[in-house]
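These numbers come from a predicted model, not from an experiment.
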Amino acid sequence: MGETVPPHLVAAVDRLARFARMMDTAVRIPGTRRYIGLDAAIGLVPIAGDAFTAAVATWIVIESARLGVPKRKLARMMANVLIDAGVGIVPVAGDIFDVYFKANSRNLEILRDHLRAG
């Protein structure tokens, strides 16, 4: 990771990567090549679960702003959080959507791309 992100930012990005992994891909679904995380599990709780995961997902956006990501990219990151939460509140379909749409991982990749670009 140190080769793709400036060395002084590696620790911050590593923290965010651990968070994204925990939220999006912590556990493999048996018999598949799919992974889920706390986002999908907590999202099973109607409305409150998705509201909670959206609130904690904004941490990557806030940290990205602190690390200098431009507003246009921050807006895309917030859109990912809002899409995840908005579709997530739909019973059953939202839970299935959570398995495929990994907002935290997407946002981490936006951050990494920005930092790689320098």
From [X] [atom1] over to [Y] [atom2], what is the distance, rounded to the nearest 0.5 angstrom?
X	Y	atom1	atom2	value
Asn104	Met77	CG	CE	9.5 Å
Leu16	Ser105	CG	OG	11.5 Å
Asp95	Asp50	CG	CG	7.0 Å
Lys73	Arg76	NZ	CZ	13.0 Å
Asn107	Asn80	CG	CG	4.5 Å

Evaluate the criterion side-chain contact (heavy atoms from CB on, under 4.5 Å) for residue pair Phe52 and Val45; output intermediate values, then yes/no. CA-CA 10 Å; Phe52 176 77; Val45 177; over 6 Å; no

Kindly give the heavy-atom pair with the smallest separation between [X] and [Y], and that separation in Å.
X	Y	value
Val81	Ala54	CG1-O, 3.6 Å
Phe97	Asp84	CE2-CA, 4.0 Å
Ile29	Thr32	O-OG1, 2.7 Å

In this structure, would [X] and [Y] fall into the same cluster of hydrophobic residues linked by side-chain contacts under 4.5 Å?
X	Y	result
Ile83	Met78	no
Val99	Val87	no
Ile62	Leu111	no
Phe101	Ile110	no
Val61	Met22	yes

Might you confirm whether atom CD1 of Ile47 has over 12 heavy atoms from other residues, nucleotides or ligands at distances under 6.0 Å? no

More than 12 heavy atoms from other groups under 6.0 Å of CZ on Arg66: yes

pair [X]-[Y]: side-chain heavy atoms closer than 4.5 Å:
X	Y	value
Ser64	Leu74	yes
Lys102	Met23	no
Phe19	Leu108	no
Asp24	Leu38	no
Tyr35	Val27	no
Ile36	Thr25	no

Assess whether salt bridge (Lys or Arg N to Asp or Glu O under 4.0 Å) is satisfied between Arg106 and Glu109, documenting all intermediate values. CA-CA 5 Å; Arg106 289 169 185 261; Glu109 198 53 38; over 6 Å; no

